[in-house]
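Have a look at the structure below, then the notes.
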Amino acid sequence: MTNLNSPIFQSEDAAREHLEAQRWPDGAVCPHCGCTGEDHVTAIKGARARPSASNPEGAERKGLYQCNGCRKQFTVTVGTVFERSKVPLNKWLLATYLLTSSKKGMSAHQLHRTICVTYKTAWFMFHRIREAMKEDGTSGPLGGKGKVIEADEMYHGKRDVPYKSPNRRTPYTKSGKSGGAQKRVIVGLIERGGQTRTFHVNVATKKTVREILVKNADRKSRLHTDESRLYTTTGQEFARHQTTNHSAGEYARGDVNSNSIENVFSIFKRGMIGVYQHCGEAHLQRYLTEFDFRYNRRTKLGFTDEDRHNALLKMVAGKRLTYRRTGEAALA
């Protein structure tokens, strides 16, 4: 377990060196053209920052590199969520560690008190970190031959704009005004004993659920769901579709159950209710991404807090998030 008194959380130089070790294990890589190796990338020593009122002589810039291919200079933060931030890099690393090691998340108010930044800064830092938690999409579908995929939908929090069916004859997902009518809809999948993926959708229909299933689940898998008719047709495309009847009090029949995805939803609800309390609907998918990231690197799969933190530092490139005009518009 990483000690919070570790130098990487206390010193900018130590933080930079740690980030370089995670992002560039084989040496510096130019983020502009991709050049690598000592013959193509040169460390610039003795470079100084531009003078300012608080620093008239200009402080020494450490960790600066020159690419001999495109002739551009760069540091390890260029092209990452940390780029052009005035927050010291050691505070960034502390924020990433705190968010990745907190099972149910950590509020921006708590971060602003912990690392001594403003609430607005802490809020934006966490959104940048959640952006970095996005998977790159190269891991392929969940499940496979002989494996079980569990699928379910969840309704959480009031919609910012109530859903109106385009056709009055089209029923809501649940009767009356419950379910997707006034609540936010989340569809979740999990490979039993493996990874999970959750999605915020405008409305859960057979069409939207099928799109998620066929894109994210191997159809050679066995599909386990509850009795919802959302999965009846799509389930026929899988090796086998088995259900449990929750309305009749049946939650497991042998190995047929959807308890794993229910567990994923339970952790998410406890975090949203107990820690975050509220989030704008425009940002809901980022919170789902945060919980997915931690769950997919849980202790049961052999990850420690330090492993989870370092895994995130390897994912920070190519996911910049800017704050222009209004934060809500830029982050939506």
Side-chain angles (χ1 to χ4, degrees), residues 81 95-108 125-144 147-157 184-202 204 208-209 211-218 221 224-225 258-276 279-305 307-319 321 331:
V81 294
T96 58
Y97 179 80
L98 291 172
L99 193 61
T100 55
S101 61
S102 302
K103 184 175 182 178
K104 298 180 180 68
M106 182 179 187
S107 71
M125 287 176 71
F126 269 169
H127 272 292
R128 282 189 174 185
I129 295 170
R130 292 184 186 105
E131 184 72 12
M133 289 176 169
K134 284 184 179 178
E135 303 291 347
D136 58 11
T138 61
S139 57
L142 302 174
K147 296 183 178 180
V148 174
I149 295 291
E150 298 178 19
D152 200 5
E153 72 281 357
M154 176 181 75
Y155 301 89
H156 175 77
R184 303 170 186 178
V185 187
I186 298 167
V187 176
L189 312 176
I190 188 171
E191 177 185 319
R192 186 171 292 174
Q195 297 196 341
T196 185
R197 296 177 190 174
T198 50
F199 306 88
H200 172 219
V201 296
N202 185 44
T208 56
V209 168
E211 288 177 356
I212 291 173
L213 278 169
V214 299
K215 288 180 181 178
N216 295 277
D218 191 318
S221 313
H224 288 186
T225 68
S258 54
N259 293 339
S260 296
I261 192 62
E262 294 283 359
N263 180 52
V264 171
F265 288 158
S266 176
I267 295 173
F268 175 76
K269 288 179 180 179
R270 298 288 71 74
M272 296 306 294
I273 295 171
V275 177
Y276 296 122
C279 79
E281 191 169 2
H283 306 310
L284 180 57
Q285 185 59 55
R286 283 203 181 92
Y287 286 88
L288 290 168
T289 298
E290 172 197 338
F291 281 84
D292 284 353
F293 175 88
R294 284 194 298 264
Y295 192 86
N296 291 340
R297 294 161 181 82
R298 58 195 183 275
T299 303
K300 189 175 181 180
L301 296 182
F303 285 84
T304 64
D305 289 345
D307 293 335
R308 203 176 301 112
H309 180 224
N310 290 336
L312 178 59
L313 295 182
K314 292 180 174 70
M315 298 169 60
V316 296
K319 300 172 182 175
L321 199 61
L331 289 171

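We count residues from 1, following the sequence as given.
Checked against side-chain hydrogen bond (donor to acceptor under 3.5 Å, both in side chains), Thr196 has no partners two or more places apart in sequence or in another chain. For Tyr276, the ring pair (Phe, Tyr, Trp, His ring centres under 6.0 Å) test picks out Tyr287, with sequence neighbours left out. For Arg197, there are no salt bridge (charged side-chain N to carboxylate O under 4.0 Å, His left out) partners two or more places apart in sequence or in a different chain. Listed by chain and residue number, Ile149, Asp218 satisfy the side chain to side chain contact (heavy atoms under 4.5 Å, CB included) test with Ser221 (two or more places apart in sequence, or in another chain). Phe126 meets the ring pair (Phe, Tyr, Trp, His ring centres under 6.0 Å) test with no other residue; sequence neighbours excluded. Residues forming a side chain to side chain contact (heavy atoms under 4.5 Å, CB included) with Asn310 (at least two apart in sequence, or on another chain): His18, Gln22, Glu306, Leu313, Lys314.
Donor-acceptor pairing under 3.5 Å is lacking for the side chains of Arg130 and His283. With hydrogens and angles left out, the side-chain atoms of Asn263 and Ser266 include no donor and acceptor closer than 3.5 Å.
When all heavy atoms of Lys319 and Ala132 are compared, the pair lying nearest together is NZ-O, 3.0 Å. The shortest heavy-atom contact between Glu262 and Asp152 is OE2-OD2, 2.8 Å.
In this structure, Lys104 contributes its side chain and Gly274 its backbone to no donor-acceptor pair below 3.5 Å. The backbone N or O of Thr198 sits less than 3.5 Å from a side-chain atom of Asp292, completing a donor-acceptor pair. The backbone N or O of Phe303 lies less than 3.5 Å from no partner atom in the side chain of Arg297, so there is not a single donor-acceptor pair. Distance alone, capped at 3.5 Å, is enough to place a donor-acceptor pair between the Arg128 side chain and the Val81 backbone. When atom types are taken as modelled, the side chain of Thr289 and the backbone of Gln285 share a donor-acceptor pair closer than 3.5 angstrom.
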Carefully, step by step, assess Leu142 and Leu189 under the rule side chain to side chain contact (heavy atoms under 4.5 Å, CB included). CA-CA 8 Å; Leu142 302 174; Leu189 312 176; 4.2 Å; yes

Test salt bridge (charged side-chain N to carboxylate O under 4.0 Å, His left out) on Glu290 and Arg294 and set out the steps. CA-CA 7 Å; Glu290 172 197 338; Arg294 284 194 298 264; 2.7 Å; yes

Intermediate values then yes/no, side chain to side chain contact (heavy atoms under 4.5 Å, CB included), Phe291 and Met272: CA-CA 10 Å; Phe291 281 84; Met272 296 306 294; 4.3 Å; yes

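The side-chain heavy atoms of Thr299 and Arg308, taken from C-beta on, include a pair separated by under 4.5 Å. Under the 4.5 Å side-chain criterion, counting only non-hydrogen atoms from C-beta, Ser101 is not in contact with His309. Taking 4.5 Å as the limit, some side-chain heavy atom of Arg270 sits within range of a side-chain heavy atom of Ile273. Residues Met154 and Ile261 are not in side-chain contact: their nearest non-hydrogen atoms beyond the backbone lie 4.5 Å or more apart. Between Ile186 and Leu288 there is a side-chain heavy-atom pair separated by less than 4.5 Å. In this structure, Leu312 and Leu99 have side chains that are not in contact, with every pair of non-hydrogen atoms separated by 4.5 Å or more. Within the 4.5 Å cutoff, no side-chain heavy atoms of Met315 are placed close to those of Asp136.
Taking NE2 of His224 as the start and CD1 of Ile190 as the end, the distance is 13.5 Å to the nearest 0.5 Å. From Arg286, atom CZ reaches atom NE2 of His200 across 13.0 Å, with rounding to the nearest 0.5 Å. The distance from the OG atom of Ser258 to the CZ atom of Phe265 is 9.0 Å, given to the nearest 0.5 Å.
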